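This is a predicted model, so every value here is computed, not measured. In each ligand, atom 1 is the first atom listed, and ligand 1 is the first ligand listed.
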Amino acid sequence: MHFQWYPGHMTKAKRSMQEDIKLIDLVIELVDARIPRSSKNPDIDQLAGNKSRIILLNKVDMADPALLDSWMKYYEGKGYLTLAINAKKKNELKKVNQLIQKACQEKIERDRKRGILNRPVRAMIVGIPNVGKSTFINSFAGKASAKTGNKPGVTKGKQWIRLNKQVEMLDTPGILWPKFEDQTVGLHLAFIGSIKDELIQSLDLALDLVEFLQESYPGLLSDHYGIDEKTESLQVVSQIATKRGCLKKGNELDYDKAAFLLLDDFRNARLGRITIERPE
Ligand code: G4P
């Protein structure tokens, strides 16, 4: 399988983010906790320059709890503040708020020394498509008491969500693009459903997923589908097709349907909480 992205969208998104980054102090980057490496674009490091940085490992409800800590330590080791969250849950946002305060302490202190008082710290959310940026902003905005209006001249057209006296967040996220450094990145994005299925072969993808699960989560496929997973990946898909009655006309096994069923089960965490990537 070969994965590509669309250069036109990328250039536009990058330009718009460069503009927005000038307005803010803090970059809050969302990554998918199931693929914390492939859902992060390293170019943001250069774009963000010397802004404060937070990484939120989102969709924690679908990720393997056993690997979360090591991923958080991994990114903390690289100088980020980190937190694992479920953007759909509003009650987790208090912790995010506390983290934002922590990330901005230095900035507030610096402003204070220069005699700048009560200037709110400004943050923006960034991330590749589908990591949960809109969900996060909606959860946060829903809770925040006020949206600030446009400030003529300075931030024309920009809406800021006021989180409290000290922090405001840009209401439109910065869209990053996945970085296809190697085919694994594309594969992992495809596993979680972040690459349109029309562009890829579901069966090939499902076979790769079977092989990953056989190696990293042994026993899981056997338990979930009541099959014998200790065989070739195509045989596994064939058994799933039989068990789940995926049939074409003439009672022939429908491999594509079984492949789709497996991918759908994985993407909706019906196979349990699974993390695809491990820190180095
Ligand atoms: P984006 O702006 O970064 O592109 O992502 P968006 O918020 O649109 O979220 C993409 C999908 O991920 C949405 O599902 C959203 O509900 C889901 N999502 C976001 N955060 C979390 C999380 O922490 N846990 C889980 N389980 N899901 C999350 P969707 O299928 O597109 O829509 P819907 O099913 O919510 O209607």
> Is there a nitrogen or oxygen of Val60 sitting under 3.5 Å from a nitrogen or oxygen of ligand 1?
Replying inline: no
> Trp71 vs Tyr74 aromatic rings, parallel, tilted or perpendicular, using cut-offs 30° and 60°?
Replying inline: perpendicular
> What are the atoms of ligand 1, with element, lying closer than 4.0 Å to any heavy atom of Asn130?
Replying inline: 1 (P), 3 (O), 4 (O), 5 (O), 10 (C), 11 (C)
> Would you call Ile24 and Trp160 a side-chain contact if the rule is heavy atoms closer than 4.5 Å?
Replying inline: yes
> Parallel, tilted or perpendicular: which fits the ring planes of Tyr80 and Tyr75, with parallel below 30° and perpendicular above 60°?
Replying inline: perpendicular
> Does the protein place any heavy atom closer than 4.0 Å to atom 30 (O) of ligand 1?
Replying inline: no
>> Going by a strict under-4.0 Å cutoff (protein heavy atoms only), does atom 6 (P) of ligand 1 have a neighbour on the protein?
In response: yes
> Can you list the atoms of ligand 1 that are under 4.0 Å from a heavy atom of Met62?
Replying inline: 26 (N)
>> Quick test: of every protein heavy atom, which one is nearest to atom 26 (N) of ligand 1, and how far off is it to 0.1 Å?
In response: Asp61 OD2, 2.7 Å
> Which heavy atom of the protein is the closest neighbour of atom 27 (N) of ligand 1, given with residue, atom name and distance?
Replying inline: Lys88 CE, 3.6 Å
>> Counting non-hydrogen protein atoms only, what is the nearest one to atom 20 (N) of ligand 1? Give residue, atom name and distance.
In response: Asn58 ND2, 3.1 Å
> Less than 4.5 Å apart, any side-chain heavy atom of Ile274 and any of Arg34?
Replying inline: no
>> Tell me whether atom 23 (O) of ligand 1 lies less than 4.0 Å from at least one protein heavy-atom position.
In response: yes
> Considering only heavy atoms of Ala87, which atoms of ligand 1 have at least one such atom less than 4.0 Å away?
Replying inline: 20 (N), 22 (C), 23 (O)
> Looking at atom 19 (C) of ligand 1, what's its closest protein heavy atom, distance included?
Replying inline: Thr135 OG1, 3.5 Å
> Is there any N or O on Gly132 that sits under 3.5 Å from an N or O of ligand 1?
Replying inline: yes
> Is any side-chain N of the basic residue among Lys73 and Glu76 closer than 4.0 Å to the acidic one's carboxylate O?
Replying inline: no
>> Can you check atom 2 (O) of ligand 1: any protein non-hydrogen atom closer than 4.0 Å?
In response: yes
> Are side-chain heavy atoms of Lys51 and Asp25 found at a separation under 4.5 Å?
Replying inline: no
>> To check your reading of the model: name the closest protein heavy atom to atom 12 (O) of ligand 1, its residue, and the distance in Å.
In response: Lys59 NZ, 3.0 Å
> Nearest heavy-atom pair of Ser222 and Glu229: which atoms, and what distance?
Replying inline: OG-CG, 3.0 Å
> Hey, is Asp254 close enough to Arg244 for a salt bridge, meaning N to O under 4.0 Å?
Replying inline: no
>> Consider side-chain contact (heavy atoms from CB on, under 4.5 Å). Of Thr82, Leu83, Ile28, which one does Leu99 pass it with?
In response: Leu83
